[in-house]
Amino acid sequence: MHALARGLPLQLPAGAVSAAGVLASRVAALLACAGVEARPPAAGAGAWSLALAEPPDLAALYAAADGIALPDGTLILPRGDVARATAWLAEERSLDWARDLLVIGEREDLVIVLDLDVAGARAGGGVLEAPTDGLASFQRVARSVVGYLERRLGVAGAEAAAPEVRAREAAARRDVPALVEALAEEMYPGAERQVAHAALTLGGLLSERGDEAALDAFARSVEARIAAAPRGAAGPERLAAWRACEIAAREAGAEAIAAACAARASGRG
């Protein structure tokens with residue numbers, strides 16, 4: 001007979017217990033931050049009404065608070081409002097969203113969306129932000145809801161941001177190892193321009209060192225720009241992208257790498 005049927009304690013795998021405990025601790029730390037307002041969870045109210053499985057981190061958050069507000073204006077909806085808000089927005093704006101994109105909150109003129117990426121077609125999904133006047137234009141900012149809130153609150157030891165964010169921040173710092181690490185991860189659809197800029201920056205930094213790996217970084221930048229180009233514009237975009245790489249290499253004082261970029265721009269490389 002099953003342990004629950006006999007009224008005995010259910011024995012969970014140690015890994016599951018520790019993972020659940022870590023999530024609960026992270027949520028508790030969030031709710032303890034100054035200025036955070038939490039709506040107490042009510043027994044039997046606000047059940048998860050979607051056919052899709054509720055992510056563990058979101059379940060941990062809702063177990064402790066049925067909707068929260070941060071000092072910066074970020075709002076996370078109560079659990080029972082997620083399905084209604086998603087359906088209303090999709091109908092109101094005639095959105096052709098995948099069924100595993102869920103509206104979970106808002107901030108100023110942004111809608112906060114959770115992509116469950118059930119089919120594994122969108123780089124693992126995560127937390128997205130979309131402007132209210134451009135709801136088809138997503139920017140992934142975090143891998144999980146708890147991680148998103150940790151970063152909004154500046155919690156020490158917060159979960160790492162999505163690779164798109166880390167690549168942008170690393171490019172601004174001119175941090176080669178961090179750029180390499182971020183660009184090695186799968187990027188969310190629509191982030192091609194961000195990838196192109198980050199890879200171009202990496203190529204320039206490697207060029208300063210005389211590192212021929214710069215050409216690989218430049219090729220990644222070109223590839224990303226072509227992917228973002230309008231239909232029929234791939235040729236001119238490729239040329240412009242390689243010219244940008246040539247300029248970056250030349251500004252870095254790497255004439256040989258600049259020449260290689262020029263050759264690729266002309267189709268000789």
Remaining members of hydrophobic cluster (4.5 Å side-chain criterion), Leu110: none
Trp88: which other cluster members, linking ILVMFWY side chains closer than 4.5 Å, directly or transitively? Leu77, Leu89, Leu95, Trp97, Leu101, Val103, Val111, Val113, Leu128, Leu135, Phe138, Tyr188
My understanding is that only residues two or more places apart in sequence, or in another chain, count here; which of them pass side chain to side chain donor-acceptor pair (under 3.5 Å) with Glu129? Arg107, Tyr148
Name all residues meeting the side-chain contact (heavy atoms from CB on, under 4.5 Å) criterion together with Arg174; count only those two or more places apart in sequence or in a different chain, and write none if there are none. Leu205, Glu208
Just grab all the salt bridge (Lys or Arg N to Asp or Glu O under 4.0 Å) pairs involving residues 89-101, residues at least two apart or on different chains. Asp100-Arg122
Quick note, salt bridge (Lys or Arg N to Asp or Glu O under 4.0 Å) partners involving residues 241-262, not counting sequence neighbours, are Arg243-Glu246, Glu246-Arg250, Arg250-Glu255
Please list all pairs passing the salt bridge (Lys or Arg N to Asp or Glu O under 4.0 Å) test where one or both residues lie in residues 32-41, with sequence neighbours left out. none
Output every pair passing side-chain hydrogen bond (donor to acceptor under 3.5 Å, both in side chains) with a member in residues 132-143, not counting sequence neighbours, ordered by first then second residue. Arg140-Glu164, Arg143-Glu185
For Ala64, side-chain contact (heavy atoms from CB on, under 4.5 Å) partners two or more places apart: Val27, Leu31
side-chain contact (heavy atoms from CB on, under 4.5 Å) with Ala234: which residues, sequence neighbours excluded? Ile226
For residues 52-64, which residue pairs pass the side-chain hydrogen bond (donor to acceptor under 3.5 Å, both in side chains) check, not counting sequence neighbours? Glu54-Arg79
Please list all pairs passing the salt bridge (Lys or Arg N to Asp or Glu O under 4.0 Å) test where one or both residues lie in residues 186-195, with sequence neighbours left out. Arg193-Glu237
